[in-house]
Amino acid sequence: MSLPTTMRYIDVSSPGGPDVMRVVDGPLPLVRAGEVLVKVEAVGINRPDVAQRQGSYPPPKDASPVMGLEVAGTVAAVGEGVQDFAIGDKVCGLANGGGYAEYCLLPVGQTLPWPKGYDAIKAAAVPETFFTVWANLFQMAGVTEGETVLIHGGTSGIGTTAIQLAKAFGADVFTTAGSADKCAACEKLGAKRAINYKNEDFAAVIKAETDGKGVDVILDMIGAAYFEKNIASLAKDGCLSIIAFLGGAVAEKVNLGPIMVKRLTVTGSTMRPRTAEEKRAIRDDLLSEVWPLLEQGTVAPVIHAVLPFEQVAEAHRQMEESNHIGKIVLTLQG
C-alpha cells in the first residue's frame, strides 16, 4: 500500500469548546516496532476526548497529542516484529492517542480484527468501551454468573456495553438513566430494572428490588455525588468500581462505616495509564471471551449517530448534551 506524505487530522488550537477543533494537514506518524499504522475509516467518540479538548485530560508524554482513542480501518504499514497482522487487514483497536486522523498508530497488543460481519462503523464503536468494561467489571470487580450488578449511566457507550456484557455472563442487571425513553432502552438491552434517577432514589429502588440485600457490584462514572448511596446499595462483600467523576471527585462528610461492616471493596481505574502488558491482557480476554459474542450477535455496540469527520464539533456537542443512547462515530472517506 503506497502511503501519502501528509494526512488530515483534527487539531485543537487551544483548550475550549467544540469550535476550537479544526481539520488541518500534517505528517503521517512514523511506525515503530510493535505497532501497526491504520488507514482510518471510522473513529469512536469518547468522554476522555472531550476532557482532552477542554484541557483537563492531557495525553501521556509518549502518546500522540491528537485526540482519539479508538479507530477502525485497514492496516497500511507494520512495524518491526509485528507478526499477527499484515498490510490490508481490517482491524480496530484502542489507540493511546491520534485517532482523529486519516492514519493512526495502534500498538499490536491493543489491535483486534473486525468481528466477523462488522463494518468500520460498528468496529470503531467497540474498543474503548469494551476494554473499559471488561477491565473494570470483570477483571477487577470479578462479576460472575448469578450476581447482581448496578450500572450507572446506562445509555452511555460504557453503560450500553456493560448492560449487555453483564447480562451475557449471567448477571442480573440494574441501571440508572435520565428519562423514560432511556430507561426503556436499557431494559431492551437486558437490564432487569432501569431506574430514572430524575424522579427515583436509586438506593431505595435497589433495596426494594433486592429484598434489602443490595447488589454485588456497582460500575460508577458519577463519583462523589453518588458515593454514599453506592455504599448503601452494595451487598456484603460487594465491590464499587469507579471509572469517572462526572459528579465530582471529592466526597465530603461520608460515613465510611458500612465499608468495614459489609467488607466492601472500593476500586477504580483509568485505561490510558495502564501498561502495554495490561492492555494486551485485556485484548486477549476480549478476543477469547467477547469476540464470539459479538460475532454471534449476543452483544453489539449501540450506535446513536454517525457523522462525517468534518463534523467533529457537532459530535462533541452531542456527547456533551448527553441525549445520546450508545456511541457517536465519525467516518472518513477515501
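Being a predicted model, the structure only gives us computed values, none of them experimental.
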Between Arg47 and Met319, what is the shortest heavy-atom contact and its length?
NH2-O, 3.2 Å
Can you confirm whether Leu28 sits close enough to Pro4 that some side-chain heavy atom of one is under 4.5 Å from a side-chain heavy atom of the other?
yes
Indicate if Tyr9 and Tyr100 have the same hydrophobic cluster label, given that clusters are the connected sets of ILVMFWY residues with side-chain heavy-atom separations under 4.5 angstrom.
yes
In one Ile/Leu/Val/Met/Phe/Trp/Tyr side-chain cluster, 4.5 Å: Ile45, Leu332
yes
Taking everything shown except Lys167 itself, do over 12 heavy atoms lie less than 6.0 Å from its NZ?
no
When hydrophobic residues are tied together by side-chain contacts of less than 4.5 Å, even through go-betweens, does Ile222 share a cluster with Ile206?
yes
Would you tell me whether Asn323 and Lys182 have side-chain atoms, one donor and one acceptor, within less than 3.5 Å of each other?
no
Shortest non-hydrogen contact from Val40 toward Val43
CG1-CG2, 3.6 Å
Inter-residue atom distance Arg283.CZ - Gln110.CD, 0.5 Å rounding:
9.0 Å
Can you confirm whether or not the ring centre of Phe169 sits under 6.0 Å from the ring centre of Trp134?
yes
Do the non-hydrogen side-chain atoms of Leu3 and Leu37 ever get within less than 4.5 Å of each other?
yes
With rounding to the nearest 0.5 Å, note down the distance linking CE in Met7 to OH in Tyr103.
9.5 Å
Please find the pair of heavy atoms, one from Pro15 and one from Gln54, that lie closest to each other, and give the distance.
CB-O, 3.5 Å
Pair Arg317 + Glu320: basic N to acidic O under 4.0 Å:
no
Are the side chain of Glu35 and the backbone N or O of Arg32 linked by a donor-acceptor pair below 3.5 Å?
yes
Donor on one side chain, acceptor on other, Ser233 and Lys207, under 3.5 Å:
no
Co-membership, hydrophobic cluster, residues Val266 and Val149, 4.5 Å side-chain:
yes
Would you find a donor on one side and an acceptor on the other, under 3.5 Å apart, between the side chain of Ser241 and the backbone of Leu137?
no
Please check if the side chain of Glu209 supplies one atom and the backbone of Val205 the other of a donor-acceptor pair under 3.5 Å.
no
Separation of Asp216 CG from Thr144 OG1 (nearest 0.5 Å)
7.5 Å
Side-chain (Lys229) to main-chain (Asp201) donor-acceptor, under 3.5 angstrom:
no
Looking only at heavy atoms, which two atoms of Val143 and Ala171 are closest? And how far apart?
CG1-CB, 4.1 Å
How many angstroms lie between atom CD of Glu128 and atom CG of Leu94, to the nearest 0.5 angstrom?
7.0 Å
How many angstroms lie between atom OG of Ser269 and atom CD of Glu278, to the nearest 0.5 angstrom?
9.0 Å
Linking I/L/V/M/F/W/Y whenever any side-chain heavy atoms sit under 4.5 Å apart, do Leu105 and Met271 land together?
no
Quick check for you: to the nearest 0.5 Å, what is the distance between Asp119 atom CG and Glu41 atom CD?
9.0 Å
Is the ring pair Tyr226/Phe202 parallel, tilted or perpendicular, if the boundaries are 30 and 60 degrees?
tilted
